[in-house]
Amino acid sequence: PLSSLDDDWSEGYFYAEVPLPGGGDEYRRYLYRVADGGGSKCFVPIQFGREVLAEVIENPDVAQWKACVVSKEREEEWTTQFRESLSGI
């Protein structure tokens with residue numbers, strides 16, 4: 001829990017709070033702390049958001065984008081379906 005962390009936040013961090021499915025007031029909280037000093041060189045891994053969402057939906061296989069690569073044909077099919085879904089807007 002966040003309350004168990006020390007009070008020195010000078011290193012930098014990224015905090016995400018994700019509502020759980022079901023529409024209630026429950027949330028999961030995720031924290032990424034930068035290990036070696038903050039300042040202008042403070043980076044959060046680009047995969048952090050994907051890893052958080054993969055955990056929330058309880059599907060760790062999608063945490064890495066390479067596991068989600070689909071064929072060009074499938075991608076074009078999804079694109080067409082998406083465009084059609086937006087046509088009425």
Inset, instruction - Can you see which heavy atom on Phe48 is nearest to which on Ala16, and at what distance? - result: CE2-CB, 4.2 Å
Inset, instruction - Among Ile, Leu, Val, Met, Phe, Trp and Tyr joined by side-chain contacts under 4.5 Å, find the other residues sharing a cluster with Val69 and list them by chain and number. - result: Trp65
Inset, instruction - Under the side chain to side chain donor-acceptor pair (under 3.5 Å) rule, collect the residues that match up with Glu17, sequence neighbours excluded. - result: Tyr15, Arg29
Inset, instruction - Enumerate the residue pairs fulfilling salt bridge (charged side-chain N to carboxylate O under 4.0 Å, His left out) with a member in residues 45-59, sequence neighbours excluded, ordered by first and then second residue. - result: Arg28-Glu58
Inset, instruction - State which residues pass side-chain contact (heavy atoms from CB on, under 4.5 Å) with Ile57; sequence neighbours excluded, sorted by chain then number. - result: Asn59, Val62
Inset, instruction - Could you note down all residue pairs passing side-chain hydrogen bond (donor to acceptor under 3.5 Å, both in side chains) where residues 75-89 supplies at least one of them, sequence neighbours left out? - result: Arg74-Glu77
